Visitor: 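Before I ask anything, here is the structure I am working with.
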Amino acid sequence: MSEATAAGSVAGSGAGNAGGSAPGIGRPSVLSLAIKEKAALYAAYMPFLKNGGIFVPTNKTYKLGDDIYLILGLMDDGNKYPVAGKVVWVTPAGANNNKAQGIGVHFPADEGGQRVRHRIEEILGAAIGSSRATHTL
């Protein structure tokens, strides 16, 4: 499965539990997201979360609190950033203002979560303070 938004600048795919994970049952859903442009990264990043987070376009159904394992690729950075996060935002299909359907994944406070947050903020620089619209707020 492949999804794209912002004229092909963001690509996401998912595998695993379609509905996330239930306590004690199975394992977290695995999603991958490749962001290829700074504008797409700005639109997806969620700096207002304590540890940062990212919006992942998906047509699968998730609930707040679901565990997600995200593999994130950022622009020309050859690294993949694995993140074990939680769903903290859900934009359902048909949301107001033609918002993209998807979920917000909160980065964990661990080393991996902080590494990806710092890398995103390094790429975005001063753009983080912009008032341009994003996928979430």
Side-chain angles (χ1 to χ4, degrees):
M1 174 178 70
S2 169
E3 300 160 8
T5 61
S9 60
V10 177
S13 66
N17 300 1
S21 64
I25 300 174
R27 50 179 209 230
S29 287
V30 177
L31 296 172
S32 71
L33 177 65
I35 297 181
K36 302 186 187 317
E37 296 175 2
K38 188 173 179 178
L41 180 59
Y42 171 82
Y45 185 52
M46 301 171 78
F48 52 86
L49 295 175
K50 180 178 180 182
N51 300 314
I54 197 138
F55 179 82
V56 180
T58 181
N59 58 9
K60 292 184 182 269
T61 302
Y62 292 92
K63 297 183 295 273
L64 295 177
D66 282 350
D67 291 320
I68 299 293
Y69 187 77
L70 176 66
I71 301 168
L72 182 61
L74 298 172
M75 317 224 325
D76 295 330
D77 187 334
N79 294 317
K80 297 289 185 200
Y81 296 88
V83 178
K86 290 215 177 271
V87 174
V88 295
W89 181 283
V90 176
T91 302
N96 288 343
N97 301 324
N98 296 319
K99 292 276 190 188
Q101 180 180 356
I103 58 171
V105 177
H106 189 197
F107 299 151
D110 67 15
E111 183 180 332
Q114 295 312 301
R115 184 173 153 243
V116 72
R117 179 175 68 100
H118 289 300
R119 181 65 182 126
I120 289 170
E121 290 179 356
E122 181 179 77
I123 292 169
L124 291 177
I128 291 175
S130 174
S131 61
R132 292 186 320 230
T134 68
H135 289 304
T136 54
L137 296 177

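These numbers come from the heavy atoms of this one structure, side chains and all, not from hydrogens, waters or symmetry mates. None of the values given here were measured: they were computed from a predicted structure.
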Visitor: Among Thr61, Thr91, Asn59, find the one that has a side chain to side chain contact (heavy atoms under 4.5 Å, CB included) with Gln101.
Guide: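 With Gln101 as partner, Thr61, Thr91, Asn59 yield a single side chain to side chain contact (heavy atoms under 4.5 Å, CB included), made by Asn59.
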Visitor: What residues, two or more places apart in sequence or in another chain, satisfy side chain to side chain contact (heavy atoms under 4.5 Å, CB included) together with Leu64?
Guide: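 Side chain to side chain contact (heavy atoms under 4.5 Å, CB included) check on Leu64 returns Val87, Val90.
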Visitor: Pairs under 3.5 angstrom only: tabulate donor-acceptor contacts from the side chains of residues 103-112 to other protein residues two or more places apart or in another chain.
Guide:
residue	atom	partner	partner atom	Å
His106	NE2	Asn51	N	3.3
Asp110	OD1	Gly112	N	3.2
Asp110	OD1	Gly113	N	2.8

Visitor: Rounded at 0.5 Å granularity, tell me how far CD1 in Ile35 sits from CZ in Phe55.
Guide: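 Nearest 0.5 Å value for the CD1-CZ distance: 10.5 Å.
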Visitor: Go through the steps to decide whether Asp66 and Lys86 satisfy the test salt bridge (Lys or Arg N to Asp or Glu O under 4.0 Å), and finish with yes or no.
Guide: CA-CA 6 Å; Asp66 282 350; Lys86 290 215 177 271; over 6 Å; no
Visitor: Is Asn79 close to Arg115 at the side-chain level, that is, under 4.5 Å between some pair of heavy atoms?
Guide: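 They are in side-chain contact.
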Visitor: Roughly how far, to the nearest 0.5 Å, is CG of Leu31 from OG1 of Thr58?
Guide: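 Taking OG1 in Thr58 and CG in Leu31, the distance rounds to 6.0 Å.
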Visitor: With side-chain contact (heavy atoms from CB on, under 4.5 Å) as the criterion, how do Arg119 and Leu72 come out once you've worked through the C-alpha distance, each side chain's angles and the decisive distance to 0.1 Å?
Guide: CA-CA 11 Å; Arg119 181 65 182 126; Leu72 182 61; over 6 Å; no
Visitor: Of all the heavy-atom pairs spanning Met75 and Glu37, show the shortest one and how long it is.
Guide: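 That would be SD-C, 3.4 Å.
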Visitor: Could you measure the distance from the CG atom of Leu41 to the NZ atom of Lys36? Nearest 0.5 Å is fine.
Guide: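 Rounded to the nearest 0.5 Å, the CG-NZ separation comes to 12.5 Å.
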Visitor: Go through it in stages, so that I can follow the logic: the residues are Val116 and Leu70, the test is side-chain contact (heavy atoms from CB on, under 4.5 Å), and I'd like the CA-CA distance, side-chain angles, deciding distance and then a yes or no.
Guide: CA-CA 11 Å; Val116 72; Leu70 176 66; over 6 Å; no
Visitor: In Å and rounded to the nearest 0.5 Å, what is the CD1 to OH distance from Ile68 to Tyr62?
Guide: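 Those atoms lie 4.5 Å apart.
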